[in-house]
Amino acid sequence: MCFLKIRRTFAASNDEIMIRRTDIATVLANSDIGQEVTVMGWVRAFRSNRFSALYDGSSAKTLQIVVDFERFDENLLKKITFHACIGVTGRLQESQGAGQAIEVLADKIELWGATDPEQYPLQPKFQTMEFLREKAHFRMRTNTFSSVFRIRHGIAYAIHKYFHDRGYFYLHAPIITGSDAEGAGEMFRVTTLDLDHLPRTESGEVDFEADFFGKATNLTVSGQLQGEIGALALGKVYTFGPTFRAENSNTTRHLAEFWMIEPEVAFFDIEDNMNLVEDFLKYLIRFVLDNYADDLAFLDQRIADLEKNMKTEDRRPMPLVDTLRFVVDNEFERITYTEAIRLLRDSKEFKKDRFEFTPEWGKDLQAEHERWLVEKHFKKPVIVRNYPAAIKAFYMRINEPGTDGAPGDTVAAMDVLFPGIGEVVGGSQREERHDVLLERVKAFGIPEEELWWYLELRKFGGCPHAGFGLGFERMVLFITGMGNIRDVIPFPRTPQSAEF
Ligand code: 4AD
Ligand code: MG
């Protein structure tokens with residue numbers, strides 16, 4: 001009786017730590033018939049005034065509670081409704097019913113919080129994701145969202161474990177910053193200025209010298225530039241924090257606030273970077289396969305139910321767990337941008353004019369192009385490297401002219417493309433040559449004084465280095481098989497929406 005032993009040990013060693021309940025996951029894993037347990041949680045279902053399925057977040061499974069209704073007050077039983085919060089003490093017994101091995105025969109029932117079914121916003125029936133998003137304060141109690149958020153936690157833990165076990169240091173990049181790491185101008189301004197009475201300079205511009213930090217600041221779009229500072233001192237670092245983009249993209253893959261993981265490594269080139277990203281992404285998937293089988297099985301069933309009435313071409317090519325295994329067991333395809341454009345232009349789709357955007361050297365790959373490469377052509381994750389310099393960020397390392405037979409300048413960039421998701425990672429080798437970087441900063445029209453420290457990193461004790469950024473929610477989206485990025489973050493922030 002492992003869990004009961006834990007209870008006693010705690011009670012004996014420290015009276016203040018009183019374990020009032022046992023997690024349902026622990027009860028289910030230690031099924032000793034006849035033992036008394038106290039469990040607490042929320043009611044998933046209550047049938048015939050006799051059986052209750054209790055859920056407490058610790059497991060994808062519920063615990064069946066058997067209630068001998070003659071022994072309990074009728075008024076109490078009436079309150080055991082969908083998502084009511086109760087505590088139950090009773091003995092474990094073998095279950096006669098199908099679907100579970102053990103159950104608890106209730107001896108005592110405590111009502112913590114009733115949920116009036118007439119007024120409670122959720123109902124025990126199918127409810128759309130859009131509806132549940134509006135009820136984000138209750139949606140985590142549903143099967144689907146509790147599984148998603150358990151897995152989200154698991155991936156976050158695995159990220160720290162992966163890097164820690166390999167000698168990387170977790171670096172906390174600032175959230176408020178004066179620089180635009182991506183140079184894309186998609187930033188949220190941070191200010192304490194009175195918007196109704198803005199201070200102006202003589203030439204009429206807003207005077208940010210009068211602002212809180214004495215300069216214009218914004219929420220960070222990426223911790224990479226600070227990560228580079230860390231890498232050139234600690235060798236191997238990673239950031240893992242919230243990042244913010246004021247891009248007006250209302251898609252199933254974009255959030256205004258999302259979490260990013262950005263490893264940065266000294267003495268790394270683009271090849272090392274590709275090897276790291278492939279090993280890292282496979283590790284995360286394997287971790288979830290090994291530790292969240294019940295949640296994945298539930299999510300797989302959910303998808304099967306949703307797809308029952310869909311046309312074959314709209315269904316997933318493989319069940320979720322099979323997709324994850326496939327990604328772990330196969331090598332990612334690695335191609336150059338120049339090759340990708342050639343493949344796209346040789347495709348039947350292009351020849352039959354089925355792409356909305358023309359794949360053309362020098363232009364960014366569109367989502368439809370990425371989907372074709374990943375889902376139609378290679379049918380597995382693809383790493384595309386060496387993009388045209390003109391369409392990528394200022395900090396990426398310029399390749400030797402003519403690399404890969406490209407008709408123009410390329411940079412040592414790499415994007416990882418996943419089936420159903422598209423870009424999950426963007427990364428690069430960094431430009432470590434001071435003069436080349438300075439040229440790029442100027443060419444991008446970035447004020448030098450904004451990046452003086454970044455430039456100085458190249459002047460004093462610099463070295464080749466590389467890194468990448470993994471969009472955390474895109475990875476959670478892939479692993480859970482959910483359809484919209486808003487459903488894998490507890491409280492999504494998107495254009496026109498910042499509730500909760
Ligand atoms: O490709 P991005 O813009 O790269 C960077 O920010 C680099 N500084 C990373 C680095 O080299 N250290 O963003 C990285 C990843 C994307 O591949 C995508 O997965 C995710 O972040 N991402 C978003 N996820 C959700 N919503 C958005 N609006 C996103 N924008 C980027
Ligand atoms: Mg990118």
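Both counts, for ligands and for their atoms, begin at 1 and track the order of listing. Since the structure is predicted, the reported quantities are computational estimates derived from the model, not experimental observations. Keep in mind that the numbers below use all heavy atoms, side chains included, and drop hydrogens, waters and symmetry copies. Residues take their numbers from the sequence shown, with the count starting at 1.
- Selection from Phe258, Phe468, Phe472 by nearest heavy atom to atom 30 (N) of ligand 1 gives Phe258.
- Residues Glu349 and Trp372 bring a donor and an acceptor atom of their side chains to less than 3.5 Å of each other.
- Taking a cutoff of 4.0 Å between a charged side-chain nitrogen and a carboxylate oxygen, Arg139 and Asp487 qualify as a salt bridge.
- Between Arg286 and Asp279 there is no salt bridge, since no side-chain nitrogen of the basic residue lies less than 4.0 Å from a carboxylate oxygen of the acidic one.
- To the nearest 0.5 angstrom, Ile341 atom CD1 is 9.0 Å from Tyr387 atom OH.
- Within ligand 1, counting atoms from 1 as listed, the ones closer than 4.0 Å to a heavy atom of Arg253 are 25 (C), 26 (N).
- Of the N or O atoms in Arg430, one or more lie within a sub-3.5 Å distance of an N or O in ligand 1.
- Of all protein heavy atoms, the one lying nearest to atom 9 (C) of ligand 1 is Glu262 OE2, 3.3 Å.
- Note on Asp329 versus Arg325: no salt bridge recorded, every NZ/NE/NH1/NH2 to OD/OE distance being 4.0 Å or above.
- Atom 15 (C) of ligand 1 has its closest protein heavy atom at Gly469 O, 3.6 Å.
- Ranked by closest heavy atom to atom 18 (C) of ligand 1, the top entry among Glu257, Met414, Glu186, Arg474 is Arg474.
- Atom 14 (C) of ligand 1 has its nearest heavy-atom neighbour, among Lys392, Glu228, Met260, Gln224, in Met260.
- Scanning the protein heavy atoms around atom 19 (O) of ligand 1, the nearest turns out to be Val424 O, 2.9 Å.
- Thr410 and Asn399 form a side-chain donor-acceptor contact under 3.5 Å, judged by distance and modelled atom types alone.
- Of the protein's non-hydrogen atoms, the one nearest atom 6 (O) of ligand 1 is Arg245 NH2, 2.9 Å.
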